[in-house]
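Contents: one structure, followed by commentary.
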Protein chains: 2
Amino acid sequence: MINKNSPIPIYYQLEEKIKGQIEQGELQTGDMLPSEREYADHYAISRMTVRQAISKLVNDGYVYRKKGTGTFVAEKKIEQPLQGLTSFTEDMKARGMTASNRLIHFKTIPASTYVAHSLNIPVDSPVYEIQRIRLADGVPMALETNFLSATLVQGLSEEVVQSSLYDFIENKLNKKIGHATQIIESSIVNETEMELLEVKKDSPVLLIERKTSLEDGTPLELVKSSYRADRYRFIINMERN
Amino acid sequence: MINKNSPIPIYYQLEEKIKGQIEQGELQTGDMLPSEREYADHYAISRMTVRQAISKLVNDGYVYRKKGTGTFVAEKKIEQPLQGLTSFTEDMKARGMTASNRLIHFKTIPASTYVAHSLNIPVDSPVYEIQRIRLADGVPMALETNFLSATLVQGLSEEVVQSSLYDFIENKLNKKIGHATQIIESSIVNETEMELLEVKKDSPVLLIERKTSLEDGTPLELVKSSYRADRYRFIINMERN
DNA sequence: TAGTGGTCTAGACCACAAG
DNA sequence: TTGTGGTCTAGACCACTAA
């Protein structure tokens with residue numbers, strides 16, 4: 001079951017194996033896992049390698065350790081939330097819906113003070129502004145506006161925007177996305193949103209402003225979205241310290 | 001600087017030391033850290049111990065590793081978000097405000113179907129229901145209702161509720177909080193909220209439903225809150241996969 | 001080629017939990 | 001007392017990066 005000659009790291013093989021056993025029900029909630037020494041003996045690997053595998057599972061909330069007692073399968077989390085950073089497309093897919101776009105505009109503009117500050121670039125330097133209606137199963141779900149530095153993200157086109165922006169950044173530009181900070185607030189639709197989102201006057205919306213950064217902390221993207229409150233709820237999972 | 005005879009683990013001492021250097025500016029954004037081997041030599045500890053310290057820092061987003069190159073200080077995150085799970089009191093403190101409560105009611109009720117399902121207990125089993133107005137600097141910020149199983153959390157009283165619920169659970173009952181799942185939506189105030197939150201008719205509110213679980217996954221608490229949209233924004237940080 | 005992080009080993013001693 | 005996870009050592013080889 002564990003291939004020591006595989007280029008896939010042993011700890012990762014073991015991690016996936018245990019995760020699979022939990023998902024398949026072979027290991028049930030509350031069950032004690034074999035001890036680290038048992039895993040080590042059984043697969044003829046070092047205990048430190050076993051610990052590396054289990055540590056990942058602890059981090060992801062699949063299992064928890066009890067000092068002096070053992071390692072146990074944790075209860076499953078209720079609704080699967082956004083696992084870290086997801087694009088709108090991935091988010092909708094996870095909710096069982098199909099995402100599509102309606103491009104409102106794609107242009108290059110000089111950075112406003114706020115955008116420049118957010119992206120940590122000079123005021124008036126070129127910025128891509130992309131505005132789209134995001135649809136789920138054909139129904140308007142959100143109005144989204146993205147701002148990206150045209151200096152950092154070169155070669156962006158309407159075609160790329162219509163497919164996957166994150167794919168382009170991660171695979172074509174070879175930049176690794178690190179983390180995002182999101183500010184979520186509640187509001188009432190304005191005139192533009194009312195028309196584009198096809199809702200009544202004074203309907204509530206969820207405003208989400210996301211600032212995404214690369215692994216080294218360089219600001220990559222500023223996104224402002226207005227989600228229809230009647231069709232969208234934001235779900236997140238927060239782990240203990 | 002590193003005390004090998006201290007009961008405090010070496011990896012933790014090193015982790016705190018490096019974190020301090022980053023916060024004090026001795027190590028600046030983009031700076032390369034000494035290599036793992038240098039740390040090991042310098043403090044006469046094993047490289048694996050150094051890795052353990054640095055891994056924590058990578059997880060927390062302080063530094064990032066570049067294969068074959070080195071470890072670097074990441075850019076600081078913009079606004080400090082809720083670091084994992086925080087209580088209302090801690091949250092307000094982080095925002096530079098003082099929190100206070102106005103207890104609406106504290107009672108024991110039979111669990112409704114929804115509450116029973118959320119807390120994974122039988123319908124009609126006893127549940128504490130606590131409703132409070134949460135104030136920041138004396139101004140109403142949110143209306144919050146908590147539901148806790150009276151079987152799991154025994155001995156809860158009005159006094160405890162007035163001070164710190166989490167302190168009571170973690171230190172008196174000795175139960176470790178694990179994670180929480182939150183559902184965030186946008187809405188318009190109802191009559192009750194309008195009066196208690198002292199806002200006008202049709203004002204927007206941020207609805208947050210939080211389900212908190214213990215380390216082993218046992219549901220601990222269900223909280224439903226309505227935050228005034230004009231005074232509260234929810235800020236979160238999401239890390240890469 | 002030299003240096004870095006990524007992975008792995010085969011031990012060791014400790015504190016803690018449970019019988 | 002036995003078994004568990006928590007910490008730590010002193011090596012090793014690998015793939016990758018940069019000079």
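Just so we're on the same page: letters track the sequence lines, and every chain starts at 1. The figures that follow rest on heavy atoms only: side chains count, while hydrogens, waters and symmetry mates do not.
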Separation of D:dT9 P from B:Asp41 CG (nearest whole Å): 12 Å
Residue closer to the 5' end of DNA chain C, B:Met48 versus B:Pro34 (nearest nucleotide): B:Pro34
Note: B:Asp91-B:Arg95 ion pair, threshold 4.0 Å (strictly below): yes
Side-chain N or O of B:Arg37 closer than 4.0 Å to phosphate OP1/OP2 of C:dG3: no
Residue-phosphate contact under 4.0 Å: A:Thr49 side-chain N/O, C:dT9 OP1/OP2: yes
Flag for B:Gln13-B:Asn3: side-chain donor and acceptor within less than 3.5 Å: no
Gap between atoms OH and P, on B:Tyr39 and C:dG5 respectively (whole Å): 10 Å
B:Arg51 vs C:dG6: side-chain N/O to OP1/OP2 distance below 4.0 Å: yes
Selection from D:dG6, C:dT7, C:dT4 that lies nearest to any side-chain heavy atom of B:Glu38: C:dT4
Lys/Arg N to Asp/Glu carboxylate O, B:Lys224 vs B:Glu129, below 4.0 Å: no
N or O in side chain of A:Tyr11 less than 4.0 angstrom from C:dC8 OP1/OP2: no
Closest nucleotide among D:dC8, C:dG6, D:dA18 to the B:Glu36 side chain: C:dG6
Lys/Arg N to Asp/Glu carboxylate O, A:Glu38 vs A:Arg47, below 4.0 Å: no
Nucleotide D:dC8, atom C1' - distance to CZ of A:Arg47 in whole Å: 11 Å
Rounded distance (Å) that lies between atom C1' of C:dC14 and atom CD1 of B:Ile10: 13 Å
Spacing of A:Ile54 atom CD1 relative to D:dG5 atom C1', expressed in whole Å: 9 Å
Phosphate OP1/OP2 of D:dG3 contacted by A:Ser35 side-chain N/O (<4.0 Å): no
Residue whose closest nucleotide on DNA chain C lies nearer the 5' end, A:Ser46 versus A:Lys67: A:Ser46
Whole-Å distance separating the CZ atom of A:Phe72 from the P atom of D:dG5: 8 Å
Atom-to-atom span, CD of A:Gln52 to P of D:dC8 - whole angstrom: 17 Å
Atom-pair distance (CD1 on A:Ile8; C1' on D:dC14), nearest Å: 16 Å
Enclosure of A:Lys19 NZ (heavy-atom neighbours >12, cutoff 6.0 Å): yes
